[in-house]
Amino acid sequence: MSVVYVSGTFDLFHSNHLKMIKYGRGLGDKLIVGVSTDELVCTYKRPPAVPFEERIAIVEGLKYPDLVVPQHTLEHTDTVKKLNIDKFVIGDDWYGKYDYLKELGVEVYYLPYGKGVSSTNLKKKIYEEYLELVRKSDDHPIPEPK
């Protein structure tokens, strides 16, 4: 039996998240998805827009995972050993970071995330559109009070 582990934050859940989880499902017999906790995410980037409890509930609601677990660390040696992981999947924005797992006999897959859809890009677009709305609302003559 082959066990696959997919690792991610899964903030602002989008199609590339689903593709990565679906891809992991196709690599083995059992699929475990690790969802990074808010505390973990804050150690390497801005806090997630969606709280951990909601992100993990969304992933648990998918048909692909057999098990969804909280992910408290970016160091996966213990996770691999405790869960008997054979294959590890993560987005290619982490390319090379998890090559050390190969020494434990784990096949590591860096899924090409593509250019476009990512939680970071979605947040940036929302922020830019917000700034434009503010600019438009502030960019008009204000009548003097009488």
Side-chain angles (χ1 to χ4, degrees), residues 1-140:
M1 180 177 72
S2 178
V3 179
V4 179
Y5 186 87
V6 174
S7 172
T9 301
F10 306 108
D11 194 17
L12 299 178
F13 198 88
H14 54 75
S15 61
N16 277 340
H17 291 142
L18 187 59
K19 288 175 191 172
M20 187 165 69
I21 291 169
K22 186 176 179 181
Y23 178 78
R25 167 84 273 162
L27 289 176
D29 303 306
K30 294 289 178 190
L31 176 62
I32 301 170
V33 178
V35 178
S36 297
T37 63
D38 293 343
E39 294 79 14
L40 173 60
V41 175
C42 289
T43 66
Y44 61 90
K45 65 180 180 179
R46 296 182 95 119
V50 178
F52 171 74
E53 292 76 14
E54 292 183 36
R55 291 183 289 112
I56 199 165
I58 290 166
V59 175
E60 286 173 336
L62 301 174
K63 66 180 181 180
Y64 301 110
D66 294 299
L67 177 65
V68 180
V69 297
Q71 186 170 268
H72 299 282
T73 179
L74 295 177
E75 210 298 313
H76 292 291
T77 301
D78 286 344
T79 303
V80 163
K81 291 177 180 177
K82 289 177 182 175
L83 298 175
N84 297 311
I85 306 295
D86 301 298
K87 299 173 184 180
F88 183 88
V89 180
I90 194 159
D92 68 351
D93 50 337
W94 292 90
Y95 188 81
K97 167 90 172 141
Y98 294 102
D99 286 352
Y100 69 91
L101 295 175
K102 294 175 184 178
E103 296 170 14
L104 300 172
V106 176
E107 294 177 42
V108 179
Y109 297 83
Y110 297 100
L111 189 71
Y113 226 45
K115 297 281 183 216
V117 181
S118 76
S119 297
T120 301
N121 288 346
L122 286 171
K123 288 178 195 175
K124 183 178 176 191
K125 183 169 178 53
I126 291 167
Y127 182 71
E128 288 170 354
E129 288 183 14
Y130 170 77
L131 289 179
E132 181 61 16
L133 285 171
V134 170
R135 187 195 63 74
K136 284 180 180 178
S137 70
D138 288 346
D139 191 18
H140 58 79

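Side-chain contact between Phe10 and Val50 is absent, with no heavy atoms from C-beta onward closer than 4.5 Å. Side-chain contact between Gln71 and His76: present, with at least one pair of heavy atoms (C-beta onward) separated by less than 4.5 Å. Side-chain atoms of Leu27 and Ser2, non-hydrogen and from C-beta on, never get closer than 4.5 Å to each other. Considering only heavy atoms from C-beta on, Val106 stays 4.5 Å or farther from Tyr98 through its side chain.
Ring pair Phe88/Tyr5 is parallel by interplanar angle, where below 30° counts as parallel and above 60° as perpendicular. Taking the six-membered ring where the residue is Trp, Tyr110 and Tyr95 present tilted rings, their angle falling between 30° and 60°.
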Residue pair Lys81, Thr77: steps toward the side chain to side chain contact (heavy atoms under 4.5 Å, CB included) verdict: CA-CA 6 Å; Lys81 291 177 180 177; Thr77 301; 3.8 Å; yes
Pair Lys45-Thr9, side chain to side chain contact (heavy atoms under 4.5 Å, CB included): steps then yes or no: CA-CA 11 Å; Lys45 65 180 180 179; Thr9 301; 4.3 Å; yes
Evaluate Met1 against Val3 for side chain to side chain contact (heavy atoms under 4.5 Å, CB included), listing each step before the verdict. CA-CA 7 Å; Met1 180 177 72; Val3 179; 4.2 Å; yes
Between Val108 and Tyr100, is a side chain to side chain contact (heavy atoms under 4.5 Å, CB included) present by the stated rule, with each step listed? CA-CA 9 Å; Val108 179; Tyr100 69 91; over 6 Å; no
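Listed by chain and residue number, nothing satisfies the ring pair (Phe, Tyr, Trp, His ring centres under 6.0 Å) test with Phe52 (two or more places apart in sequence, or in another chain).
Within the 3.5 Å criterion, the main-chain N or O of Gly28 finds no donor-acceptor partner in the side chain of Lys87. In this structure, Tyr109 contributes its side chain and Val6 its backbone to no donor-acceptor pair below 3.5 Å.
Scanning all heavy atoms of the two residues, the minimum distance from Val69 to Ile32 falls at CG2-CG2, 4.0 Å. Nearest heavy atom pair, residue Met20 against residue Ser7, reads CE-O, 3.6 Å.
Under the side chain to side chain contact (heavy atoms under 4.5 Å, CB included) rule, Val33 has a single partner from Ile56, Val59, Leu62, Asp66, which is Val59.
More than 12 heavy atoms of other residues, nucleotides or ligands sit less than 6.0 Å from atom CD of Glu75.
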